[in-house]
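Letters go in sequence order (proteins before strands), and every chain restarts at 1. Quick caveat: nothing in here was measured; it's all calculated off a predicted structure.
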2 protein chains.
Amino acid sequence: MNTTKPRAAQAALPLNQILAGDCIEVMNSLPEGSVDLIFADPPYNLQLRGDLHRPDNSKVDAVDDHWDQFSSFASYDKFTHEWLAAARRILKPNGAIWVIGSYHNVFRMGAELQNQGFWILNDVVWRKSNPMPNFRGKRLTNAHETLIWASKNEGAKYTFNYEALKSLNEGVQMRSDWVIPICNGGERLKDENGDKAHPTQKPEALLHRVIVGTTNPGDVILDPFFGTGTTGAVAKMLGREFIGIEREEAYREVAKKRIAKIRKFDKEALEVSTSKRAEPRIPFGQLVERGMLRPGEELYSINGRNKAKVRADGTLIANDVKGSIHQVGAHLEGAPSCNGWTYWHFKREGKQVPIDLLRQQIRAELH
Amino acid sequence: MNTTKPRAAQAALPLNQILAGDCIEVMNSLPEGSVDLIFADPPYNLQLRGDLHRPDNSKVDAVDDHWDQFSSFASYDKFTHEWLAAARRILKPNGAIWVIGSYHNVFRMGAELQNQGFWILNDVVWRKSNPMPNFRGKRLTNAHETLIWASKNEGAKYTFNYEALKSLNEGVQMRSDWVIPICNGGERLKDENGDKAHPTQKPEALLHRVIVGTTNPGDVILDPFFGTGTTGAVAKMLGREFIGIEREEAYREVAKKRIAKIRKFDKEALEVSTSKRAEPRIPFGQLVERGMLRPGEELYSINGRNKAKVRADGTLIANDVKGSIHQVGAHLEGAPSCNGWTYWHFKREGKQVPIDLLRQQIRAELH
DNA sequence: CTCTTACATGAATCAAGGA
DNA sequence: TTCCTTGATTCATGTAAGA
């Protein structure tokens, strides 16, 4: 995956800073192809009509800030087109983007992502464990938001830490629906009056999963709608670099103080489970060269139905078939492919042992 | 809500029939403003590249039917524009529409709905309890599909049976995420060869919730992509009228036979019973993501003999052993297994607290 | 008959690296 | 660039087969 970074480009980047100004202008001032991941939580274009009151008559503090007002779908689409194009330009070829939204804006963002050539990898549902109820009982409780994860192009080698996410999910594949509480309690930032500092502060747990799953330590993560800096805070904890862009000075101030207090986790804690794919490749022939298996020795298939003989060049022979451990296994099984490492076993002290164990021994020596 | 029906218009409608032909043409032949609800499950425009095999080498039976092939986003958008416009015309002023899709097409459908003046009421996530895994470990398990519920216009008096859905949900408001298994077992229709009759048959439970929640008995429900007729079958059970449109004769035949066998529920049978769900599984990783435990923090064994450090992906590390809370505990104790939830403790205010307490906190939030 | 084990399968944009 | 080789990868159900 894309762990190497063009150091020259990174040196010019304003890392771990919060840049003031309009995100489109600021992104256009940054070097092309320089960012590993973009996380974007743009204005939702909520079309609220009038105030909303709870059954006890208290007023719901709605998102009615001026930055969330768009006069029409056309103006929202123009805005979306422009910031996504700016984001796309600064993304590395193997970089990726996450956007988050609700039904008010996410369909327009998703369509524009596709129109610009981004390649959707998953849509992810943030299922809120404690959503605000629908007080009037006129619709379903709006209990989720939608994230879209996309690579810059079809076929790009995006970063995906499969094993780390699997570990986060108690050993089974991470699914596209994530149950995470909304941000409140001690995590929710308040201003000097005790009011919430930002109306749509995202939970750190959400960013934790995004960053652990789709970046590597040292990667550069840019958030063009930084707000009170959840992306920066979690990036810092997890040993990633961040760039924030935020128009409102009040939010920048809150974010700056917040991030200054964050400590990076120690190195050991940041290591995550990796897949076998990341391990160095060991040719089967090495097992023969090293004398772990002798030429002429017989190997037995995992199902006990087949056997084959090891040859001095690290190929196998069974009946009339010669070839690699994978080729011979696939042929004998009549399968399109076969992982010879787990298919073939040798005998030691009467027991059958997979040859993969010998490969693991060699890899252990390399560490 | 709109329980009164213009009887004259309905008399002209081909009720409880499956109409053959292209759905756009057929809808254009129906009278304007005559349908209460449209449920549409259009082609998803999956852009599949090569074959996919499971780890056991069996081939995945992909959706590669001709009706799901579009040459470009532009041609898919044209198709979407036309069928939605035709659907809009035949909808009553207080009618509503449901569409279902995946990330391949749902963003384009959602944007087009908004462009045509439909008013989105909710987006609903169908969370599959048993989705197909991601066999190559390259992305998240695609474990959901998205539905959009929209009225014909802003301010329309759509039908919403709040209390019925609330009782379907054990007395609390129905949320926008619905957990429903995929359609298989006895419900899945097979052809004479035992193969599935339609590649994308939807579960009746999904339609049941849609129809109970957003129509009244006697309402007319039209499905322009009828397939094997799940919409018609559930509509008939629930005492609603249906109109199906389907291009493929084979599907029409299967649907016709299926619906003929359905009997309308009597009133008593319409009373729904819900079963208690098992306790939700909480992965240990959630405690880390939510900041209840910090990566790098130390955990202590219940007997005080061992300790381990928490990592960012929700695994533990002790000496050289890495793994889940259960694996590391079992290894340290030399035991075949270990319940990590009760074995490991963290320190708060000098006291040792079992990590299971944190799990209980999360479960309490979910209730 | 029950209980256990094996097998089948579902709307899927599902590989990486060296020659 | 293409071609070829290596080799990594699955969860929940329902049904059939076997004991």
Distance only, no hydrogens: is a donor on one side chain within 3.5 Å (strictly under) of an acceptor on the other, for [X] and [Y]?
{"X": "A:Gln173", "Y": "A:Asn169", "result": "no"}
{"X": "A:Glu112", "Y": "A:Gln116", "result": "yes"}
{"X": "B:Gln201", "Y": "B:Asn184", "result": "no"}
{"X": "A:His81", "Y": "A:Asn115", "result": "no"}

Phosphate contact (C:dT13 OP1 or OP2) by B:Tyr103 side-chain N/O below 4.0 Å: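 So the side-chain polar atoms of B:Tyr103 do come within 4.0 Å of the phosphate oxygens OP1 or OP2 of C:dT13, strictly under.
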Has A:His326 got a side-chain N or O lying under 4.0 Å from the OP1 or OP2 atom of D:dG7? yes
Would you mind classifying the nucleic acid contact of [X] as base, sugar-phosphate or nothing, using non-hydrogen atoms under 4.0 angstrom?
{"X": "B:Asn45", "value": "nothing"}
{"X": "A:Ser324", "value": "sugar-phosphate"}
{"X": "A:Ile120", "value": "base"}
{"X": "B:Asp51", "value": "base"}
{"X": "A:Asn339", "value": "base"}
{"X": "A:Cys338", "value": "base"}
{"X": "B:Asp64", "value": "nothing"}

Quick tally for nucleotides 10-17 of chain D: nucleotides whose base has a protein heavy atom under 4.0 Å get B, sugar-phosphate-only ones S, the rest -, giving BBSSSS--
In this structure, which stretches of DNA chain C are paired as stems of three or more consecutive Watson-Crick or G-U pairs, both distances less than 3.5 Å? C:2-10 with D:11-19, C:15-19 with D:2-6
Strand-adjacent residues in residues 145-152 of chain A, judged by heavy atoms under 4.0 Å from DNA chain C: none
Can you list, in residue-number order, the parts of residues 191-206 of chain B that come under 4.0 Å of DNA chain C, counting heavy atoms only?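 When residues 191-206 of chain B is checked for heavy atoms under 4.0 Å from DNA chain C, the hits, listed by number, are B:Lys196, B:Pro199, B:Thr200, B:Lys202.
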Atom-pair distance ([atom1] on [X]; [atom2] on [N]), nearest Å:
{"X": "B:Lys59", "N": "C:dC14", "atom1": "NZ", "atom2": "P", "value": "14 Å"}
{"X": "B:Gln47", "N": "C:dC14", "atom1": "CD", "atom2": "P", "value": "10 Å"}
{"X": "A:Trp344", "N": "D:dT6", "atom1": "CH2", "atom2": "P", "value": "15 Å"}
{"X": "A:Glu279", "N": "C:dA15", "atom1": "CD", "atom2": "P", "value": "21 Å"}
{"X": "B:Arg139", "N": "D:dT9", "atom1": "CZ", "atom2": "P", "value": "17 Å"}
{"X": "A:Glu154", "N": "C:dA15", "atom1": "CD", "atom2": "P", "value": "11 Å"}
{"X": "A:Tyr343", "N": "D:dT9", "atom1": "OH", "atom2": "C1'", "value": "18 Å"}
{"X": "B:Arg49", "N": "C:dA12", "atom1": "CZ", "atom2": "C1'", "value": "12 Å"}

Grab the N/O contacts between the protein and nucleotides 4-6 of chain C below 3.5 Å, and write none if there aren't any.
none

Whether the side chain of [X] engages the backbone of [Y] through a donor-acceptor N/O pair (distance < 3.5 Å, no angle test) should be reported.
{"X": "B:His326", "Y": "B:Gly340", "value": "yes"}
{"X": "B:Tyr103", "Y": "A:Trp149", "value": "no"}
{"X": "B:Asp68", "Y": "B:Leu46", "value": "yes"}

Approximate separation, where rounding is to 0.5 Å, of B:Asn45 CG and B:His104 NE2: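 Separation between the atoms: 8.5 Å.
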With the side chain of [X] defined as its heavy atoms from C-beta on, choose the nearest nucleotide among [options].
{"X": "B:Ser58", "options": "C:dT9, C:dA12, C:dA15", "answer": "C:dT9"}
{"X": "A:Gln114", "options": "C:dT13, C:dA11, D:dA8", "answer": "C:dT13"}
{"X": "B:Tyr44", "options": "C:dT13, D:dG7, C:dA11", "answer": "C:dA11"}

In this structure, is the centre-to-centre distance between the rings of [Y] and [X] below 6.0 Å?
{"X": "B:Tyr251", "Y": "B:His198", "answer": "yes"}
{"X": "B:Phe70", "Y": "B:Phe79", "answer": "yes"}
{"X": "A:Phe284", "Y": "A:Trp344", "answer": "no"}
{"X": "B:Phe225", "Y": "B:Trp67", "answer": "no"}

Can you tell whether the side chains of [X] and [Y] come within less than 4.0 Å, N to carboxylate O?
{"X": "B:Arg127", "Y": "B:Glu145", "answer": "no"}
{"X": "B:Lys78", "Y": "B:Glu82", "answer": "yes"}
{"X": "A:Glu297", "Y": "A:Lys307", "answer": "no"}
{"X": "A:Lys276", "Y": "A:Asp356", "answer": "yes"}
{"X": "A:Arg209", "Y": "B:Glu289", "answer": "yes"}

Quick one: salt bridge (charged side-chain N to carboxylate O under 4.0 Å, His left out) pairs with a partner in residues 308-327 of chain A, sequence neighbours left out? none
